[in-house]
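Notes for the one structure printed next.
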Amino acid sequence: MSRLPCSFFTKPTLTVARDCLGKKLVKIESDGTRISGTIIEVEGYIGETDLACHASIGMTQRTQTLYDKPGTLYVYLIYGMHWMLNLVTEAEGFPAGILIRALFPTSGINVMRERRNKSMSELTNGPAKIAQAFGINNTWNGYNTCAPDSKLFVEYDPLRENMETDYEARKGIHNTPEPWRSLPWNLSTQIESNKEVHI
DNA sequence: AGGACGATTAACT
DNA sequence: GTTAATCGTCCTG
C-alpha cells in the first residue's frame, strides 16, 4: 500500500479530515522498522479568518509552513514540551491543516512502548503522545509526506473506507472567541476491537 | 530585553 | 476537580 499523493490533501480541509479517518499514519525508521496507526481523530484549522488557527495572525516564521504545499508536515512546540503533528491542506498559499489527535496503533508497538513506557491504550490517544511515540520533533517541520521516498506518510487502508464520523467542537481552544470555539471541526471515528491490529 | 501565553500531559487532591 | 512542567513565538518598549 503506498503513500497518499498531494492531490489527496488538495481539498477543503474538512473533506481531507473526514477522508483521513481510517487511513494509516506510517513512519519508516532508519533501521526499516515500520511504525503505524489508524487515524481516528483529527481537527481542522482553516485559514487566517479562523481565530483558532495559528495563521490568524498572518504569515510568520512559524506559520509559513501552513502556507506550504498540501501534504506538508506542520510541527510546532506547545507548552514548552509537547510537539504537535499536523498535515497541511487546501492549496499552496492558503494556510490550513489538520491536527492529528489520536491513532489506533497497528505496528511498531514495541518501539512506541520503548519511547512512551505506557500501556497500549495510552500510546497514541493524544496529539503530543503521537509525536512522542513516533519520534517526531521540529526537525520534521516542513517535511513532504507525498514524496515517493518519504519516511513519514499517510497510507490508504482498504479495510477502512467511509468511516462513520462524529463532529464536535475543537479541543483546547477555550480562549478562542465564538463562533470559532464551537465550530464542529473535530472529527473522530470509532473502530471495532476485532479489527484492531493488522499489518 | 522582558513578559504573556499556549491546538497538552501527568500527577496530584 | 486543580496545577506544575517548560520554552518557542510574538508583542511591547
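As the structure is a prediction and not an experimental result, all values here were calculated from the model. Note on naming: letters A, B, ... go to the chains in the order of the sequence lines (proteins, then strands), and numbering restarts at 1 for each one.
Residue-level contact check: A:R181 touches neither bases nor backbone, having no heavy atom under 4.0 Å from any strand. Contacts of A:A52 with the nucleic acid, taken as non-hydrogen atoms under 4.0 Å apart, include base atoms. Using a 4.0 Å heavy-atom criterion, one finds that A:I173 contacts the sugar-phosphate atoms exclusively. Within the 4.0 angstrom heavy-atom criterion, no nucleotide atom of any strand lies near A:R170. Among the protein residues, A:M81 comes within range of the nucleic acid bases, having at least one heavy atom under 4.0 Å from a base atom.
Per the geometry, CD1 belonging to A:I130 stands 9 Å off P belonging to B:dT9, to the nearest Å. We find that CG of A:L51 is positioned 12 Å from P of B:dA7, with the value rounded to whole Å. When rounded to the nearest whole Å, the span between CG of A:N186 and P of B:dT8 equals 11 Å. Computed from coordinates, the A:L85 CG to B:dT8 P distance equals 14 Å when rounded to whole Å. In this structure, A:L123 atom CG and B:dA10 atom P are separated by 11 Å, rounded to whole Å. Rounded to whole Å, atom C1' of B:dA7 lies 11 Å from atom NZ of A:K171. Across the protein-nucleic acid pair, A:Q132 atom CD and B:dA10 atom P stand 7 Å apart, rounded to whole Å. What separates CG of A:L187 from C1' of B:dA7 is a distance of 15 Å, to the nearest Å.
For A:L77, the listed nucleotide lying nearest its side chain is C:dC7; candidates were B:dT9, C:dC7, B:dA7. Side-chain proximity of A:K129 to the nucleotides C:dC10, B:dA10, B:dA7 is greatest for B:dA10.
Remark: the A:Y67 side chain and the A:E48 side chain contain an N/O donor-acceptor pair separated by less than 3.5 Å.
Geometrically, A:K11 does not engage A:F9 in a cation-pi contact, judged by NZ or CZ lying under 6.0 Å from the ring centre and within 45° of the ring axis.
Electrostatic pairing of A:K171 and A:E41 counts as a salt bridge here, judged by a charged N lying under 4.0 Å from a carboxylate O. At a threshold of 4.0 Å, the pair A:D149-A:R3 does not count as salt-bridged, since none of the basic side-chain nitrogens sits closer than that to a carboxylate oxygen. Comment: A:E155 does not engage A:R160 in a salt bridge, judged by the lack of any side-chain N to carboxylate O separation of less than 4.0 angstrom.
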**OP:** Fill in the dot-bracket string of DNA chain C, one character per base: . for unpaired, | for a pair to another strand, ( ) or [ ] for pairs within the strand, taking Watson-Crick or G-U pairs under 3.5 Å.
**Re:** |||||.||||||.
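For the pair A:K118 and A:G80, nearest-nucleotide mapping onto DNA chain B gives the more 5' position to A:G80.
To the nearest whole angstrom, the two C1' atoms, one in B:dA7 and one in C:dG1, are 23 Å apart.
Stacking between A:Y79 and B:dG6 is absent: the ring centroid is not both under 5.5 Å from the six-membered base ring centre and under 30° in plane angle.
Side-chain rings of A:H54 and A:Y45 stay apart, their centers remaining 6.0 Å or farther from each other.
At C:dT6, none of the side-chain N or O atoms of A:H82 fall inside 4.0 Å of OP1 or OP2 (strictly under the cut-off). Between A:R116 and B:dA10, a side-chain N or O to OP1/OP2 separation shorter than 4.0 Å is present. Side-chain nitrogen and oxygen atoms of A:N175 include at least one within less than 4.0 Å of the OP1 or OP2 phosphate oxygen of B:dG6.
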**OP:** Step by step, work out the side chain to side chain donor-acceptor pair (under 3.5 Å) result for A:T189 and A:T165.
**Re:** CA-CA 5 Å; A:T189 192; A:T165 307; 5.6 Å; no
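No side-chain heavy atom of A:F153 sits less than 4.5 Å from a side-chain heavy atom of A:K24.
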